[in-house]
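Read the structure below first, then the notes.
In the text below, chain A, chain B and the rest are named by the order of the sequence lines, each starting its count at 1.
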Protein chains: 2
Amino acid sequence: MFHMKRMSTVRVHHPPSRAGEPGSGFRLEEFLPYRLSVTANRMSRAFARAYAERFGLSIPEWRVMAVLGTGGPMPASAIVERTAMDKVKVSRAVAALEGKGLVLRRPHPNDRRSALLDLTAEGRAVFEQIVPLARALEAELTAVLGPEDRALLATLLARLDAHLGKLGTPERDVGDPG
Amino acid sequence: MFHMKRMSTVRVHHPPSRAGEPGSGFRLEEFLPYRLSVTANRMSRAFARAYAERFGLSIPEWRVMAVLGTGGPMPASAIVERTAMDKVKVSRAVAALEGKGLVLRRPHPNDRRSALLDLTAEGRAVFEQIVPLARALEAELTAVLGPEDRALLATLLARLDAHLGKLGTPERDVGDPG
DNA sequence: ATGATAATGTTTCATATGAAACGAATGTCA
DNA sequence: TGACATTCGTTTCATATGAAACATTATCAT
């Protein structure tokens, strides 16, 4: 289907000038979506390991606890919104947390399709233990950036995020980036 | 196992002062690993969709092509290094691309366990078509940041990434962050 | 050489993921 | 009221993922 005249395929490596080069000198390592993905994944891995080892929690589970821990009782739909996870993931995370006795379900007064979720006393205790760990790990992993650059990064990400949201990009997660 | 005195659980919402509050006022939305993950995933989704719709490629496949498109023939191990994907993913992506006629395998002169991979003529043609699309999409998605902020973000990510690499964080991908 | 160890890439297997189908409940509107 | 459409959350199912086991080939030490 596609075909191309392949002229004298001489391959030149990362030279300052790149005219006529294949891909016009495209370099994956400098491609922002790729960098963003790699960095986010690395960081995620570190957190996933810490949560799993010390608390037996997955990241979706931790996220649910984080939201419930500060947001009071709320239906699953609210967790979906605040968590950027899809409803299937939230449903499963909640079920797992229920099984562990960290989250409980109460009937929703106005809607019997739903239920109000909240941390149990034990769930709250675990949450109180995770927060300092999460903060410490965040601090450790982002130590190269000073406080200012860390704040700057957060700002840039927030702006980018808001923009992506406006572009009609559907919600939910994905396993990999560009 | 964990238990806590739950005193008069009055819940206060995002106040400037947060002493004594549960989780000491932890807010997932302000947690850098979380933000990083959400933003990266959103961006990835947009790229994944574009690649799939217009070229029938997954992101791992695109990454392999991107590396081969600018790096000349190389063994799979080199792709693993430059791509931050694990070898299983690379193996599968290469197999898929071979099946589509976009990548070919040549015997490695010095090592019969390996093979030298390269784009076919058609693969190269497709690559030449994707690069401008990828650049345009990157530009569109990061339009809110000016050129300077975009560069700044890249710098911050690179620094962060280098630091994460030094911390002994294992390589490879993960599906979710903290 | 020769045996032990390491590296390359594939396959296997158990888990994670989300789109779509679903049952139940609610909302809408004539 | 009584269809009909919509929303909530779960379940189903097909796919994606990577750790571990694997076959093959290289490398190293003797």
Using atom [atom1] of [X] as one end and atom [atom2] of [N] as the other, report the distance to the nearest whole Å.
X        : N      : atom1 : atom2 : result
A:Leu117 : D:dG9  : CG    : P     : 8 Å
B:Lys89  : D:dA19 : NZ    : C1'   : 14 Å
B:Ile59  : D:dT17 : CD1   : C1'   : 14 Å
A:Arg112 : C:dA25 : CZ    : P     : 5 Å
B:Asp111 : C:dG9  : CG    : P     : 8 Å
B:Asp86  : D:dG18 : CG    : P     : 5 Å
A:Glu61  : C:dT15 : CD    : C1'   : 13 Å
A:Glu81  : D:dC8  : CD    : C1'   : 12 Å

Item to complete: Would you kindly confirm whether B:Leu137 and A:Tyr34 end up in one hydrophobic cluster when ILVMFWY residues are joined by side chain heavy atoms under 4.5 Å apart?
Response: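 Yes, one cluster joins them.
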Give a yes/no on whether any side-chain N or O of [X] is located under 4.0 angstrom from OP1 or OP2 of [N].
X        : N      : value
A:Ser77  : D:dG9  : yes
A:Ser114 : D:dG9  : yes
B:Arg105 : C:dT10 : yes

* Hey, mind stepping through B:Arg105 and B:Asp118 against salt bridge (charged side-chain N to carboxylate O under 4.0 Å, His left out) and telling me if it holds? -> CA-CA 7 Å; B:Arg105 241 173 247 271; B:Asp118 202 359; over 6 Å; no
* Among C:dA6, D:dT10, D:dT6, which nucleotide sits nearest the side chain of A:Arg113? ->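 Output: D:dT6.
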Report task. Among the candidates C:dT10, C:dA7, D:dT11, find the nucleotide nearest to the side-chain atoms of A:Ser91. Result ->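 Given the options C:dT10, C:dA7, D:dT11, the side chain of A:Ser91 is closest to D:dT11.
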*asked:* Between A:Ser58 (side chain only) and A:Glu61 (backbone N and O only), is there a donor and an acceptor less than 3.5 Å apart?
replied: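 Side chain of A:Ser58 to backbone of A:Glu61: a pair is present.
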Pair B:Arg63, B:Thr83: side-chain N/O donor-acceptor within cut-off below 3.5 Å
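No pair is found: no donor N or O on one side chain lies under 3.5 Å from an acceptor on the other.
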Review point. For DNA chain C, whose closest nucleotide is more 5', that of B:Pro75 or that of B:Arg92?
Key: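 In this pair, the answer is B:Pro75.
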query: Does the ring centre of B:Phe55 sit less than 6.0 Å away from the ring centre of B:Phe127?
result: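 That pair fails the under 6.0 Å test.
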